[in-house]
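Hydrogens, waters and symmetry mates play no part in the numbers below; they use all other heavy atoms, side chains included. If you're wondering where the values come from, they're calculated on a predicted model, not measured in any experiment.
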Amino acid sequence: MDRDLRYGAVISQSAALPCMRHSVVGTMSKKNGNEALSRRAFLASAATIGASAMAAPALAQSALDTLINAPRRGNWDDQFDAKAASRTATAVVSNTPILGPQSVASAQQAIMQYQQIAAAGGWPEVNPGDQRLQLGVSSPAVQALRQRLAITGDLPREAGMSNAFDSYVDGAVKRFQARHGLPSDGVLGEFTLKAMNIPADVRLQQLNTNLVRLQTFPEDLGRRHLMVNIPAAYVEAVEDGSVATRHTAVVGRLSRPTHLVNSKIYEVILNPYWTAPRSIVEKDIMPLMRKDPTYLEKNAIRLIDGKGNEVSPETVDWNGEAPNLMFRQDPGKINAMASTKINFYNKNGEYMHDTPQQGLFNKLMRFESSGCVRVQNVRDLSTWLLRETPGWSRQQMEQVIASGVNTPIKLATEVPVYFVYISAWGMPDGIVQFRDDIYQMDGNAELALDTTAGMEQPVQ
């Protein structure tokens with residue numbers, strides 16, 4: 001259920017409404033993965049990865065030995081790392097887009113790294129038991145945590161090995177969390193531990209699966225384009241090969257997933273209307289009107305007939321069948337799409353939009369719409385989309401929104417948009433990112449971490 005409309009049972013289901021349709025994500029994904037993958041690219045990737053595996057055990061073990069035997073270890077029970085925060089920021093802040101000329105090479109680099117790790121035996125399981133591992137704690141479980149973080153490069157070599165959860169470990173945990181799309185709080189909660197204990201060979205499989213997906217995209221996606229990465233639940237606006245603006249998003253749940261799309265954005269609507277689907281009219285609005293005849297008025301929902309004329313609710317028999325009328329919500333703060341709707345060509349009736357419930361963007365995992373994509377700071381995105389459309393500065397856009405007048409705006413130049421499913425990827429700087437396989441498309445149940453239940457709970 002969607003909760004964009006805040007008044008009553010109907011309103012609490014609004015995002016489910018405009019986007020209800022059958023799921024075809026799995027079929028589309030398989031088609032995408034097979035059509036554009038060139039045999040030459042695949043063979044080159046396989047050859048590179050295979051060669052790296054030859055020296056894998058020695059390289060991975062050497063790195064761990066260097067860490068354990070570092071000559072400047074000192075007393076590791078009281079260490080402070082002033083650069084921990086900056087390393088965490090490095091993991092999450094990048095102007096390099098996920099899709100681009102460097103994507104395949106970066107994924108191959110990540111695969112080589114994880115092949116070395118897997119060939120050397122992977123990493124130890126982190127099992128704190130009933131103890132909560134966080135800054136200041138001393139426990140034998142921290143030793144395994146340090147080893148786990150060191151193997152993937154989250155813990156620096158100079159940190160050494162001990163039982164102390166010092167600021168080195170705190171920074172390393174935050175870096176790990178940032179790489180996995182989790183809140184960087186430095187505390188080993190339920191989902192951080194789940195992500196940390198996924199075996200190395202499973203992560204390697206995930207990288208290989210996503211390499212195939214990345215190889216289906218052309219290097220040139222358009223000078224200005226938008227990418228919605230569904231597993232990461234965020235949007236990248238890319239211009240001249242660099243991320244101009246990035247936005248947190250809410251995407252479709254497993255039962256009503258957001259579809260993969262290769263399309264173009266053609267319109268931004270300020271102060272959009274919202275139309276209730278027939279199923280909600282029948283299941284929710286009719287019963288609510290029987291209980292409270294003023295329900296439509298309270299929620300700014302009007303009845304419109306086939307000729308565009310408004311119909312009075314008093315003329316409808318709310319105890320009978322649902323009338324053949326349009327139930328349309330006026331623009332405004334309680335509207336399901338709030339200030340903005342962004343339209344792109346697609347057969348599923350999906351779109352991007354604002355939301356009156358901004359708190360949803362603070363959730364751990366944001367998979368609860370019915371296919372449409374809610375965008376945080378959508379006005380910044382609209383400003384970027386309309387920049388090449390004369391007469392639509394940010395100031396002009398804000399004035400129209402304040403007026404409450406429904407205003408469709410055609411883009412002077414349509415902007416390519418790609419809805420993709422990339423759950424693991426590498427960056428040119430060597431940072432490797434992973435996300436929950438929310439739609440269970442990566443071929444291993446361990447990768448679907450079940451992080452859709454809400455906020456991460458600390459291990460008690």
* Asked: What is the minimum heavy-atom distance between Gly186 and Asp170, and which atoms define it?
  -> CA-OD1, 3.7 Å
* What closest approach, in Å, do Glu267 and Pro408 show between heavy atoms, and which atom pair accounts for it? -> OE2-CB, 3.4 Å
* Structure fact -> Looking only at heavy atoms, the pair that brings Arg203 and His180 closest together is NH2-CD2, 3.4 Å
* Asked: Considering residues, nucleotides and ligands other than Asn324, do more than 12 of their heavy atoms fall under 6.0 Å from its CG?
  -> no
* To do: Show your working on side chain to side chain donor-acceptor pair (under 3.5 Å) between Gln206 and Ser423 and close with a plain yes or no.
  => CA-CA 8 Å; Gln206 187 179 14; Ser423 63; 3.2 Å; yes
* Asked: If we only count heavy atoms from C-beta on, is the Leu411 to Leu386 side-chain gap below 4.5 Å?
  -> yes
* Arg148 charged N/C atom sitting above Trp123 aromatic ring, 6.0 Å / 45° -> yes
* Asked: Atom NE2 of His247 and atom CG of Leu226: how far apart are they, to the nearest 0.5 Å?
  -> 7.5 Å
* To do: May I ask you to test the His353-Cys372 pair for a side-chain heavy-atom distance under 4.5 Å?
  => yes
* Would you mind reporting whether Pro313 and Tyr295 have side-chain heavy atoms less than 4.5 Å apart? => no
* Asked: Any idea which heavy atoms bring Ala249 and Val373 closest together, and the distance?
  -> CB-CG1, 3.8 Å
* **Crowding at CD, Glu297 (>12 non-hydrogen neighbours, <6.0 Å)** => no
* Is there side-chain contact between Met286 and Pro323, with at least one heavy-atom pair below 4.5 Å? -> yes
* Determine yes or no for a side-chain-to-main-chain donor-acceptor pair under 3.5 angstrom, with Ser106 supplying the side chain and Ser103 the backbone. => no
* Can you find a pair of side-chain heavy atoms, one from Leu296 and one from Ile285, that are under 4.5 Å apart? -> yes
* Asked: Taking Asn346 for the side chain and Gly349 for the main chain, is one N or O donor matched with an acceptor at less than 3.5 Å?
  -> yes
* Structure fact -> Nearest heavy-atom approach of Glu414 to Tyr266 is OE2-CB, 3.5 Å
* To do: To the nearest 0.5 angstrom, please state how far the CG atom of Asn271 sits from the CG atom of Asp354.
  => 10.5 Å
* Got Arg179 and Asp154 here, is their nearest side-chain heavy-atom distance under 4.5 Å? -> yes
* Whether Ser263 side chain and Val417 backbone form a donor-acceptor pair below 3.5 Å -> no
* Structure fact -> Residues Tyr351 and Ile342: closest non-hydrogen pair is CB-O, 3.3 Å
* Quick one: are Leu149 and Met196 in side-chain contact, heavy atoms under 4.5 Å? -> yes
* Can you tell me if Tyr418 uses its side chain to pair, donor with acceptor, with the backbone of Leu221 under 3.5 Å? -> yes
* **From CA spacing to verdict: side chain to side chain contact (heavy atoms under 4.5 Å, CB included), Val187, Thr192** => CA-CA 8 Å; Val187 178; Thr192 299; over 6 Å; no
* Asked: Quick one: are Ile98 and Tyr234 in side-chain contact, heavy atoms under 4.5 Å?
  -> yes
* **Glu314/Ser312 under side chain to side chain donor-acceptor pair (under 3.5 Å): CA gap, chis, key distance, verdict** => CA-CA 5 Å; Glu314 287 78 11; Ser312 172; 2.3 Å; yes
* Asked: Just wondering, are more than 12 heavy atoms of other shown residues or ligands nearer than 6.0 Å to NZ in Lys291?
  -> no
* Structure fact -> Only one of Arg224, Arg379, Arg394 passes side-chain contact (heavy atoms from CB on, under 4.5 Å) with Trp384, and that residue is Arg224
* Ser242/Asp240 under side chain to side chain donor-acceptor pair (under 3.5 Å): CA gap, chis, key distance, verdict -> CA-CA 6 Å; Ser242 181; Asp240 296 324; over 6 Å; no
* Asked: What distance separates Asn343 CG from Met352 CE, expressed to the nearest 0.5 Å?
  -> 11.0 Å
* Asked: Name the one of Asp437, Asn229, Asn210 that satisfies side-chain hydrogen bond (donor to acceptor under 3.5 Å, both in side chains) with Tyr421?
  -> Asp437
* Are any side-chain N or O atoms of Glu398 and backbone N or O atoms of Ser393, one a donor and one an acceptor, separated by less than 3.5 Å? -> no
* **Distance, nearest 0.5 Å, that separates CG of Leu325 from CZ of Arg278** => 8.5 Å
* To do: Answer yes or no: is there an ion pair linking Asp442 with Arg213, defined by an N-O contact shorter than 4.0 Å?
  => yes
* Asked: Can Gln329 and Ile334 be said to form a side chain to side chain contact (heavy atoms under 4.5 Å, CB included), step by step?
  -> CA-CA 9 Å; Gln329 188 182 38; Ile334 66 171; 3.9 Å; yes
* **Trace of the side chain to side chain contact (heavy atoms under 4.5 Å, CB included) decision for Tyr439 with Leu260** => CA-CA 12 Å; Tyr439 293 166; Leu260 304 182; over 6 Å; no
* To do: Drop me the distance from Ile301's CD1 to Thr275's OG1, to the nearest 0.5 angstrom.
  => 10.0 Å
* Asked: Roughly how far apart are Phe419 CZ and Met227 CE, rounded to 0.5 Å?
  -> 10.5 Å
* To do: Go through Val400 and Trp392 one step at a time and tell me if the side chain to side chain contact (heavy atoms under 4.5 Å, CB included) criterion holds.
  => CA-CA 10 Å; Val400 171; Trp392 287 103; 3.7 Å; yes
* Asked: Is a side-chain donor or acceptor of Glu388 paired with a backbone partner of Thr413 at a separation under 3.5 angstrom?
  -> no
